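So that the names make sense, note that chain A is the first sequence line, chain B the second, and so on, each numbered from 1. Computed from a predicted model, the values in this text were never measured in an experiment.
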2 protein chains.
Amino acid sequence: MDMDGRDAAGSIGATKTSFGIVEHIRDHDASGVSEIANDLGISKSTAHNHLKTLAGLGYVVRQGDEYALGLKFLDLGDHARTRHALYHASIGEMDDLVEAVGERGQVMVEENGRGVYIYQVKSEQGLQTDSHIGTTVDLHATSVGKSYLAFCDEKRRKEILDGELTRLTTKTIGDRDALEAELATIRERGYAFNDEERITGMRAVGAPILSDDETILGAISVSGPTTRMKGEWYHTEVPEMVTQAARVIGIRATYS
Amino acid sequence: MDMDGRDAAGSIGATKTSFGIVEHIRDHDASGVSEIANDLGISKSTAHNHLKTLAGLGYVVRQGDEYALGLKFLDLGDHARTRHALYHASIGEMDDLVEAVGERGQVMVEENGRGVYIYQVKSEQGLQTDSHIGTTVDLHATSVGKSYLAFCDEKRRKEILDGELTRLTTKTIGDRDALEAELATIRERGYAFNDEERITGMRAVGAPILSDDETILGAISVSGPTTRMKGEWYHTEVPEMVTQAARVIGIRATYS
DNA sequence: CGTCTCGTTCGGACGGGCCGAACGAGTGTT
DNA sequence: AACACTCGTTCGGCCCGTCCGAACGAGACG
């Protein structure tokens, strides 16, 4: 519980400002100089200089009097996820899984104690999605996250869970002991459920991706509304398909 | 010392350094402090401070004694391309096109005088690809780029073409007048060919995406080896499919 | 024509980022 | 076991780069 001691010595303020500007633009789709200066509490001239620099580097682009994110980030993002063997390994297999189940599917890896979706496959039923590539989610409130936690080494799990278990819905597991019990169950049977623990009305089935039965690479899941995800289908058939896909992906990730 | 001359006034050096480091990591998959300091001509301590800052922000992650790109860039990249209506409009349609043609397909937009692939669909024949999401290409040496140049407004075309027309293969159109003539042809018939002008052995067929017959949003293409892309198929049938898809995408991009 | 607000430029001041040297930890060699 | 080399990290100090506020020019609106 260190209180934000990240203002450590030797920290580059200008870099923080630049990325603050970038994130502001991301959250607003496009921003102008004054707006950024106000929101970030910096002077207009400073904001201007940063934007000019970022534009020169190609990371932001001007559109009239506003700035938007440049596509150079697309390249960086692609490299970031290409590092993960899990990404390549899951592409074809996830598409098949989603087709078989008929619900949305996603691939997650962990970074800084949170889950990040690195691949997502939409299903036929074009459900408006709140999550997209690059979205980060709480590990304890998702089937992918719980799958990950159940199978990562204990040390890492402690580190991650020592944070707060935010309650996102009434069904979110906010109690540490209850979560550990749930993880034990998941570890035993090999897959995880998510019953409206992150979004009311949504269920999911997830499974971990293990490389050579030692290290965990991430997790996959399929998710859909409670109206369709129910009964034997939800409790037995889907888990079977998900774990099967996870096994294949794990093998493909190991040998590539 | 370093008289780049490119040092515009009011430019933030620390930001340039930070992104220089990020790009170094991108190009090497992962880098250490000393390696970065050497390659960028900065001191170890400076490199260290930048990396510490970037890690604190979540844009790079430590793996042992090296740093790799963080998945936060994935989120930024996704936002950058989500801005383009062309992205959403082309997703389903491009998949259908690729399936029909049986060759790789890509969607391009222009940024800073270069073409950037914002979407790519692989074909059955898993041809190892040099290009990926976020790749930038010369506009004059690709079917997408030529389609774009042929249909963008004249002012913008002049600006872009006043640069050098780099010859990438023996067939690249390196002469300005020859290129203008080619663009006139493309403008007339509505689609573009690329006959080994960027990569020897590769051909492509591209077409522009116009929103409401006024502004150009980008271009699409399908590409494959000369062994398969030939004859009537290449010269007539594929262009028909590509232009048809382009028309549909243009309409979908306009009304969304 | 006045009065907003926008982005841009300028000069000055202060603090922050830069470097080089020294430290500590890890690795492989003799 | 001790060496020599590497790595990443820390520390101190100098100087430049970065920040701010004020002023300027360009549009938009009434």
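What separates CD of Glu66(A) from P of dT5(C) is a distance of 17 Å, to the nearest Å. The distance from atom CD1 of Ile21(A) to atom P of dT18(D) is 13 Å, rounded to the nearest whole Å. At whole-Å resolution of the value, CD1 in Ile36(B) and C1' in dC7(D) are 13 Å apart.
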At under 4.0 Å between heavy atoms, which parts of nucleotides 8-24 of chain C does protein reach? Answer with one letter per nucleotide, 5' to 3': B base, S sugar-phosphate only, - none. BBB------SSBB----
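For His28(A) and His79(B), the gap between ring centers reaches or exceeds 6.0 Å. Here the two rings, on Phe19(B) and Phe19(A), have centers that are under 6.0 Å apart.
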Pick out the pairs of N or O atoms, protein on one side and nucleotides 25-30 of chain D on the other, that lie under 3.5 Å.
none

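Taken to the nearest 0.5 Å, the NE2 atom of His88(A) stands 12.0 Å off from the OH atom of Tyr119(A).
For His50(B) and Thr17(B), the side-chain atoms include no donor-acceptor pair closer than 3.5 Å. The closest side-chain donor-acceptor pair between Ser131(B) and Gln106(B), if any, does not fall under 3.5 angstrom.
For the pair Leu210(A)/Thr215(A), no side-chain contact is recorded, criterion being any heavy-atom separation below 4.5 Å from C-beta on.
Under 4.0 Å is where a charged nitrogen must lie from a carboxylate oxygen, and between Asp75(A) and Arg26(B) at least one such pair does. Contact check on Glu110(A) versus Arg156(A) returns a salt bridge, with a Lys/Arg side-chain nitrogen under 4.0 Å from an Asp/Glu carboxylate oxygen.
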